[in-house]
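Notes for the one structure printed next.
Just so you know, residue 1 is the first one in the sequence shown, and it goes up from there. Being a predicted model, the structure only gives us computed values, none of them experimental. All values below come from the heavy atoms of this structure, side chains included, with hydrogens, waters and symmetry mates left out.
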Amino acid sequence: MKITRRAALGGLALGLAMAGLGKPALANEITLDVLYNLPGFTKFHQPLADEFMKNNPDIKINFLAPAAGYNEGQQQVLRAAVTGNLPDVYFSGYNLTAELVHTLAPRNQITDLTPFIEAEGGQAFLDANYSPKMAALGQIDGKQYGLPVNASSPIVYINADLVKKAGGDPDKMPDTFEGLIELAAKIHALDPKIAGMGYDINGWPDDWLWQALIFQQGGRLVDAETKTVAFDNEIGLNALKLTRRFVTEGGQNLLDWDQSRQQFGAGLTGFIFSTPAHVQTIEGLVGDRFELKTATFPLDNKDTGGVPTGGNSAVILTQDKAKQDAAWKYLKWITGPQAQDTIVRITGYLPTNKLATGPEFLAPFYAEKPNVKTASLQADRSMPWAGYPGGDSVRIWRTQRDIIGAVMRGELTPEDGLKQVVDQTNALMK
C-alpha cells in the first residue's frame, strides 16, 4: 500500500498524541505574554505561574526574557509601545509607574483596573486584601492601574553583640536618627577600627535611601503643583546634615553597599541599613560570628513620616477583552495570600496582601524567622517610591549621589550641597 506524506504526518501526530508526547492546545486557550524585571525573580515567578496554569488550564503564561532591572524594563516597554508589541502583563517598578501611565494612558495602551475591582466588590475587595498604603503603590492620579506584588522598605541590621557592649538594647533600638547616631558613636568608641553604623547612600545604586531620609521626616520628593523639588527646605537640609553626621559622629566608613555589607558580616560595624531582601545573604555572611537582629526604619516624624517602598506592581497592558479577563485572574493570584506566602519565603520582602500574615500562611514562618518578620511591621508606613517628572530619574540620582558623597566627605557643607542638589535636580526635570 502506498503511504502518502499527508497520511504519514497524520499518523505521526496521532502517535505522538497517544504516546503523550504531543499535547494539543485547548480550543479556547489564552496565552498571556508576561514581562518581569530582574532574572533572579524567576525563582518565584515560574513556580507561581506553573501553579496558576494548573488551576487555570485555559490560560498559558508565556514569560518573556526578564529585563535586567526596572530601568531597563521601563525602556523596553516604552519602546514596545511605539512598535505596538507590548506584553500583556508587566511588572512595573513603583518609582516608574507614573511615567509609564502618563505615557501609555493617552494612547489607550494600559488598563485602568477600576472595572475589574468593582466587579469584585469595589473598595471592600481592596480593603480585604491590601492596606490603604499598600494599595496606593499601584495608584496613579487616583486610579488603580496596578496591584502590588513585591514590596521592600529599608530596615536596620544589627550586630547585637556590639550594641550590648555599647550599653544599648538590640531588642529596643532607638526609633529616631538622633538616638541611632548616639548609639553608633558609642559603638565606634569601643574600637576605632569598628564603624558605628553604615548608611550607604553614597554608594547605593538608586535614590531609595535618599528618599527614606526625606520621607521619614514627613517630606516629599516633588511638589505636585510646581513640578519642582519639594525638599528645598529644612527637611532637605536636615537629611544632608544627617549624612555628614553618620560619618563624623557615627564613625561610618564610606564604602559601596556591597563592601559595607561584607564589613558588617565580618563584625566590624554596629548596624547597617539595607533591603529585607538581603536577610538570607547577611545571615550567611554573619554565620555564628555574632548575634544578628533586625529593626524597623526610624521615623523622626511619627505622625506623617514613612518609608519608600521598592518593588513592583502588576499592570495590564493588553486591550483585548479576553486577555484582560485572563490577566486579571493572574493579578489576583500573584497578589493573593498564597502566592505572597511563597514570595516572602523566597525573597524576604514584606507581603503585599495582608491576609498573607495569617496563621495559615506566614505566621508560623515569622515565628521561626523574626529577622524576616521585621519588614512586615512597616506595611502601614509604606509610601510610594517616587520618580521625577521628565523620565530622567536615573540621571538625576547619579547627579545627586555625587553631591551627597561630597557632603559626607566634608568637601561641601550641607547648605551648599542642598543648593546644588536642588538646582541640578530642577534643571534635569525640565
In sequence, state the C-alpha distance, the side-chain angles, and the governing distance for Phe264 and Phe290, and then conclude on ring pair (Phe, Tyr, Trp, His ring centres under 6.0 Å). CA-CA 10 Å; Phe264 176 78; Phe290 57 84; 5.4 Å; yes
Is any side-chain heavy atom of Lys164 less than 4.5 Å from a side-chain heavy atom of Asp169? no
Do we see a donor-acceptor contact under 3.5 Å between the side chains of Gln424 and Thr399? no
May I ask you to check whether over 12 heavy atoms, not counting those of Glu234, lie within 6.0 Å of atom CD? no
Walk me through it: do Phe52 and Ile59 pass the test side-chain contact (heavy atoms from CB on, under 4.5 Å)? CA-CA 8 Å; Phe52 175 79; Ile59 303 173; 3.7 Å; yes
State which residues pass side-chain hydrogen bond (donor to acceptor under 3.5 Å, both in side chains) with Asp207; sequence neighbours excluded, sorted by chain then number. Gln211, Trp385
I need the Asn129 CG to Asn353 CG distance, nearest 0.5 Å. 4.5 Å
Applying side-chain hydrogen bond (donor to acceptor under 3.5 Å, both in side chains), can you list everything that pairs with Asp256, at least two apart in sequence or on another chain? none
Got a sec, which pairs hit salt bridge (charged side-chain N to carboxylate O under 4.0 Å, His left out) with one end in residues 356-382, sequence neighbours left out? none
4.5 Å side-chain heavy-atom contact, Arg409 and Asn202: no
Where at least one partner belongs to residues 342-359, residue pairs that pass salt bridge (charged side-chain N to carboxylate O under 4.0 Å, His left out), sequence neighbours excluded: Asp341-Arg345
Hits for ring pair (Phe, Tyr, Trp, His ring centres under 6.0 Å) against Phe273, two or more places apart or cross-chain, chain-then-number order -> Phe177, Tyr199, Phe297
Please report the closest heavy-atom contact between Asn37 and Ala67, naming both atoms and the distance. OD1-CB, 3.3 Å
Run Ile194 and Leu162 through side-chain contact (heavy atoms from CB on, under 4.5 Å) and show every step you take. CA-CA 9 Å; Ile194 295 176; Leu162 287 176; 3.9 Å; yes
Could you tell me whether the side chain of Ile272 reaches within less than 4.5 Å of the side chain of Ile282, counting heavy atoms only? yes
Keeping the roles fixed (side chain from Glu182, backbone from Ala184), state whether a donor-acceptor pair exists under 3.5 Å. no
Any side-chain to backbone donor/acceptor pair from Tyr157 onto Val279? Under 3.5 Å, distance only. yes
Taking all non-hydrogen atoms of both residues, which atom of Ala386 and which atom of Phe215 are closest, and how far apart? CB-CZ, 4.3 Å
Gap between atom CD1 of Ile140 and atom OG of Ser92 - 0.5 Å precision: 8.0 Å
Under a 3.5 Å cutoff, is there a donor and acceptor pairing between the side chains of Asp127 and Gln123? yes
Distance alone, cut at 3.5 Å: any donor-acceptor contact between the side chains of Gln340 and Thr335? no
Is there a side-chain contact between Ile316 and Thr318 in this structure, where contact means two heavy atoms from C-beta onward sitting under 4.5 Å apart? yes
For Asp325, what residues pass the side-chain hydrogen bond (donor to acceptor under 3.5 Å, both in side chains) criterion, not counting sequence neighbours? Lys321
Passes side-chain contact (heavy atoms from CB on, under 4.5 Å), Leu147 versus Trp328? Steps please. CA-CA 10 Å; Leu147 293 185; Trp328 174 248; 3.8 Å; yes
More than 12 heavy atoms of other residues, nucleotides or ligands under 6.0 Å from NZ of Lys133: yes or no? yes
Tell me every residue that passes ring pair (Phe, Tyr, Trp, His ring centres under 6.0 Å) with Phe63, counting only those two or more places apart in sequence or in another chain. Tyr36, His45
Test item: side-chain donor near acceptor, Tyr70 and Asn312, under 3.5 Å: yes
Keeping the roles fixed (side chain from Asp33, backbone from Leu64), state whether a donor-acceptor pair exists under 3.5 Å. no
So, the side chain of Thr309 versus the backbone of Met383: is there a donor-acceptor pair under 3.5 Å, distance only? yes
Are Gln74 and Glu99 packed together at the side-chain level, in the sense that at least one heavy-atom pair is separated by less than 4.5 angstrom? yes
Using modelled atom types and a 3.5 Å cut-off, is there a donor and acceptor pairing between side-chain atoms of Thr294 and backbone atoms of Asn371? yes
Hey, do the aromatic rings of Trp210 and Phe231 have their centres closer than 6.0 Å? yes
Using only atom types and a distance under 3.5 Å, with no angle test, would you say the side chain of Ser393 pairs donor to acceptor with the backbone of Tyr388? yes
Partners passing salt bridge (charged side-chain N to carboxylate O under 4.0 Å, His left out) against Lys193 (at least two apart in sequence or in another chain): Asp191
Does any part of the side chain of Arg245, heavy atoms only, come nearer than 4.5 Å to the side chain of Glu178, both counted from C-beta? yes
Atom pair CG (Asp200) and CG (Asp258), whose distance is rounded to the nearest 0.5 Å: 10.0 Å
Would you check if Lys143 and Gln139 make a side-chain contact, meaning some heavy-atom pair closer than 4.5 Å? no
Between atom CZ of Arg79 and atom OG1 of Thr83, what is the distance when rounded to the nearest 0.5 Å? 9.5 Å
Using distance alone, with no hydrogens and no angle criterion, decide if Gln46 and Asp50 have a side-chain donor and acceptor under 3.5 Å apart. yes
Hey, is the main chain of Pro154 close enough, under 3.5 Å, to the side chain of Gln378 for a donor-acceptor pair? yes
When rounded to the nearest 0.5 angstrom, what distance separates CG in Asn159 from NZ in Lys293? 12.0 Å
When you compare the side chains of Asp112 and Thr114, does any donor N or O come within less than 3.5 Å of an acceptor on the partner? yes
Sub-4.5 Å side-chain heavy-atom contact between Leu38 and Pro66: no
Test Ile403 against every option in Leu240, Leu418, Asp423, Val421 by the side chain to side chain contact (heavy atoms under 4.5 Å, CB included) rule and name the one that passes. Val421
Does anything in residues 266-276 form a side chain to side chain donor-acceptor pair (under 3.5 Å)? List the pairs, not counting sequence neighbours. Ser152-Thr275, Gln263-Thr269, Ser274-His278
His188: what forms a ring pair (Phe, Tyr, Trp, His ring centres under 6.0 Å) with it, not counting sequence neighbours? none
So which heavy atom on Gln319 is nearest to which on Asn108, and how close? CG-O, 3.2 Å
Approximate separation, where rounding is to 0.5 Å, of Thr342 OG1 and Leu362 CG: 9.0 Å
Glu120: partners by salt bridge (charged side-chain N to carboxylate O under 4.0 Å, His left out), with sequence neighbours left out: Lys332
Just checking, any donor-acceptor pair under 3.5 angstrom between side chains of Asp223 and Thr228? no
Return the set of residues passing ring pair (Phe, Tyr, Trp, His ring centres under 6.0 Å) with Phe41 (not counting sequence neighbours), or none when no residue passes. Phe44
Checking side-chain hydrogen bond (donor to acceptor under 3.5 Å, both in side chains) against Gln216, which of Asn301, Asp300, Thr304 comes through? Asp300
